[in-house]
Number of protein chains: 2
Amino acid sequence: MAIPRAAKTLRRTRIQEEKEEQILEAALDVFSARGFRGSTIDQIAEVAGMSKPNLLYYFRTKEAMHRALIDRVLYTWLEPLRAFDAEGNPEEEIRSYIRRKLEMARDFPRESRLFANEVLQGAPHIEDELKGPLKQLVDEKAEVIRAWTKSGKIVECDPYHLIFSIWSTTQHYADFDVQVRAVLGQEHAGDERFEDAARFLEQLFIGGLRPDSPRP
Amino acid sequence: MAIPRAAKTLRRTRIQEEKEEQILEAALDVFSARGFRGSTIDQIAEVAGMSKPNLLYYFRTKEAMHRALIDRVLYTWLEPLRAFDAEGNPEEEIRSYIRRKLEMARDFPRESRLFANEVLQGAPHIEDELKGPLKQLVDEKAEVIRAWTKSGKIVECDPYHLIFSIWSTTQHYADFDVQVRAVLGQEHAGDERFEDAARFLEQLFIGGLRPDSPRP
DNA sequence: CGGATATTTGACCGATTGGTAAACATTACA
DNA sequence: TGTAATGTTTACCAATCGGTCAAATATCCG
């Protein structure tokens with residue numbers, strides 16, 4: 001008699017790894033495009049090219065799929081912020097943070113939308129991650145920025161809102177892609193809109209944070 | 001014999017106006033919190049305090065409710081951008097645009113999330129509005145900004161991405177409210193986080209756009 | 001090979017979905 | 001007041017939802 005759920009076996013077989021990978025890939029497609037509630041297991045099954053009961057053999061519930069996906073993506077998603085270096089040159093650190101975040105918006109828009117959908121609807125499944133690991137990381141990096149402002153390396157400003165503004169401006173190009181495309185028109189359908197965005201954002205943030213920049 | 005749908009009558013009665021108002025108010029609550037696909041007519045009916053068939057007496061379908069809601073909210077939503085004045089002082093125009101948008105994020109977060117949900121999921125119901133009225137308005141205002149940069153009143157920059165960055169930074173406080181709260185912690189649970197944001201964003205944008213600001 | 005284990009599927013379940021039909025209640029107005 | 005039009009509700013529908021089950025099939029390994 002087979003052990004009812006693959007998850008309960010201790011050693012994972014080759015097939016298990018492959019299929020779980022396939023499922024999570026499909027789940028990312030669907031969840032990021034329609035949100036948790038708007039997605040159905042059948043849709044994920046179709047994208048994955050498997051039958052619905054087969055999905056449920058690897059993940060007991062729809063929630064389990066979603067959770068596995070979140071767990072898998074969250075760590076990498078925060079990587080750019082983690083790379084923020086206290087020892088580095090502030091201007092260059094901020095510039096490269098913006099660049100990395102923009103690259104992620106361009107190369108991993110589904111991951112961005114996955115979180116956006118989740119947070120937008122009240123973050124029912126990732127509240128703990130937000131208040132725990134995320135807050136901790138941001139607190140830490142905010143302290144770094146605070147030190148920069150204190151020492152006059154960048155203009156005095158609220159480090160939390162600085163981080164928020166970098167998040168929002170960069171992720172905007174993933175989360176609101178259709179709107180950006182609609183407004184820019186088809187002449188900017190290629191990837192050059194990310195280069196334009198990078199140019200603008202670097203100018204905005206570097207200019208806006210320069211310590212010798214004139215104050216209102 | 002009753003005319004099957006209120007919508008088909010030419011003159012709207014007092015009851016029709018009241019009930020449609022009630023329904024759209026409830027629909028805004030539900031659609032903004034769960035997105036179109038994640039919302040159910042029953043949920044809207046419960047919030048509105050009416051029976052499901054009664055809702056469907058005033059709006060034939062779930063889509064009709066959503067459309068009526070979008071139509072109602074879109075115009076006011078674009079009001080701040082429309083107020084952007086070519087004759088005004090650039091610095092003050094941008095400053096007050098940021099302030100207005102932040103006030104809307106604070107006072108009308110549901111409206112912001114309604115559009116965010118819609119755009120995030122590919123804007124299946126408002127594609128025409130994006131490519132039509134929205135694009136037109138942005139094109140027009142981008143031209144105003146372009147004139148300002150040409151005349152050296154603000155630093156040379158891409159006007160479209162400037163508008164995008166103002167949208168994203170301000171709406172972030174409505175759309176990603178739970179994340180902002182989680183990161184800031186409960187000490188910023190009140191409205192003062194909007195004041196902090198306003199201070200930071202004005203500093204960022206005014207500093208970053210000043211024509212005499214040092215260039216990278 | 002052969003049997004144990006792991007994987008896959010079709011048929012099915014109760015709950016919920018968007019929406020309808022028709023009986024019933026209320027309102028407006030001559 | 002009477003009656004036609006408007007408004008509301010109960011009961012219901014087919015389709016779809018997340019999930020189960022048992023039987024069928026594929027794989028692994030001695």
Side-chain angles (χ1 to χ4, degrees), chain A residues 1-27 29-31 33-69 121 124-125, chain B residues 1-27 29-31 33-69 121 124-125:
Chain A
M1 193 201 304
I3 290 171
R5 297 291 172 185
K8 289 201 172 175
T9 64
L10 290 176
R11 255 203 313 185
R12 302 174 65 217
T13 69
R14 176 183 51 85
I15 293 181
Q16 271 172 41
E17 287 193 25
E18 285 175 9
K19 290 302 167 89
E20 286 175 14
E21 170 68 32
Q22 249 184 69
I23 293 169
L24 290 182
E25 165 67 24
D29 244 55
V30 177
F31 282 139
R34 312 170 81 106
F36 180 78
R37 276 187 272 252
S39 304
T40 73
I41 302 181
D42 296 84
Q43 290 162 0
I44 299 173
E46 198 188 327
V47 173
M50 308 166 62
S51 68
K52 180 170 67 169
N54 205 0
L55 290 214
L56 291 162
Y57 172 72
Y58 291 101
F59 298 93
R60 307 158 97 91
T61 65
K62 184 181 163 187
E63 290 232 4
M65 279 178 230
H66 191 255
R67 166 130 305 272
L69 188 58
Q121 307 199 359
H125 304 98
Chain B
M1 192 200 309
I3 292 170
R5 297 293 171 184
K8 289 200 173 173
T9 63
L10 290 178
R11 250 204 315 188
R12 302 174 65 220
T13 68
R14 174 184 52 86
I15 292 182
Q16 269 171 43
E17 286 193 25
E18 285 175 7
K19 290 303 168 92
E20 286 175 13
E21 170 67 33
Q22 250 183 69
I23 293 169
L24 290 181
E25 164 68 23
D29 244 54
V30 176
F31 282 138
R34 314 171 79 107
F36 180 77
R37 276 187 271 253
S39 303
T40 72
I41 302 181
D42 296 85
Q43 289 162 3
I44 299 173
E46 197 188 328
V47 174
M50 308 167 60
S51 68
K52 180 169 65 170
N54 205 0
L55 290 214
L56 291 161
Y57 172 73
Y58 292 100
F59 298 94
R60 307 160 96 93
T61 65
K62 184 181 162 187
E63 291 230 5
M65 279 177 229
H66 191 256
R67 165 130 306 275
L69 188 57
Q121 307 199 0
H125 305 97

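Throughout, a chain's letter reflects where its sequence line sits, starting with A, and its residues are numbered from 1.
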Considering only side-chain heavy atoms of [X], which listed nucleotide, [options], is closest?
| X | options | result |
| --- | --- | --- |
| B/Asn54 | C/dT8, D/dT20, D/dT9 | D/dT9 |
| B/Thr61 | D/dT6, C/dG19, C/dT8 | C/dG19 |
| B/Pro53 | C/dG18, C/dA6, C/dA21 | C/dA21 |
| A/Gln16 | D/dG19, C/dG19, C/dT7 | C/dT7 |
| B/Leu56 | C/dT8, D/dG18, C/dT20 | C/dT20 |
| B/Asp42 | C/dG18, C/dT8, D/dG19 | C/dG18 |

Would you name the heavy atoms of [X] and [Y] that are closest together and state the gap between them?
| X | Y | result |
| --- | --- | --- |
| B/Leu55 | B/Ile44 | CD1-CG2, 3.6 Å |
| B/Gln121 | A/Arg34 | NE2-O, 3.3 Å |
| A/Lys62 | A/Arg37 | NZ-O, 4.0 Å |
| B/Leu24 | B/Leu69 | O-CD1, 3.6 Å |

Spacing between [X] atom [atom1] and [N] atom [atom2], to the nearest angstrom:
| X | N | atom1 | atom2 | result |
| --- | --- | --- | --- | --- |
| A/Arg34 | D/dG18 | CZ | P | 11 Å |
| A/Phe59 | D/dG18 | CZ | C1' | 16 Å |
| A/His66 | D/dG19 | NE2 | P | 13 Å |
| B/Leu55 | C/dG19 | CG | C1' | 12 Å |
| A/Glu46 | D/dC17 | CD | P | 11 Å |
| B/Arg37 | D/dT16 | CZ | C1' | 15 Å |
| A/Glu17 | C/dT7 | CD | C1' | 16 Å |
| B/Arg60 | D/dG7 | CZ | C1' | 16 Å |

Atom pairs, N/O to N/O, protein against nucleotides 24-28 of chain D, distance under 3.5 Å?
residue : atom : partner : partner atom : Å
D/dC28  : OP1  : A/Arg14 : NH2          : 2.9

Taking only N and O in the side chain of [X], is any of them less than 4.0 Å away from OP1 or OP2 of [N]?
| X | N | answer |
| --- | --- | --- |
| A/Tyr57 | D/dG19 | no |
| B/Tyr58 | D/dT8 | yes |
| B/Ser51 | D/dT9 | yes |
| B/Lys62 | C/dT17 | no |

### Query
How many angstroms lie between CD in B/Glu25 and CD in B/Glu21, if you round to the nearest 0.5 Å?
7.0 Å

Side chains of [X] and [Y] in contact at under 4.5 Å (non-hydrogen atoms):
| X | Y | answer |
| --- | --- | --- |
| B/Gln22 | B/Lys19 | yes |
| B/Phe36 | B/Met65 | no |
| B/His66 | B/Phe59 | no |

### Task
Give one of base, sugar-phosphate or nothing for B/Thr40, where a contact means two heavy atoms less than 4.0 Å apart.
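Counting heavy atoms under 4.0 Å across all strands, the contact made by B/Thr40 is with sugar-phosphate only.
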
### Task
Give a yes or no on whether a donor-acceptor pair under 3.5 Å exists between the nucleobase atoms of D/dG18, that is its base, and the side chain of A/Lys52.
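Between D/dG18 and A/Lys52, which were checked side chain against base, a qualifying N/O pair under 3.5 Å is present.
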
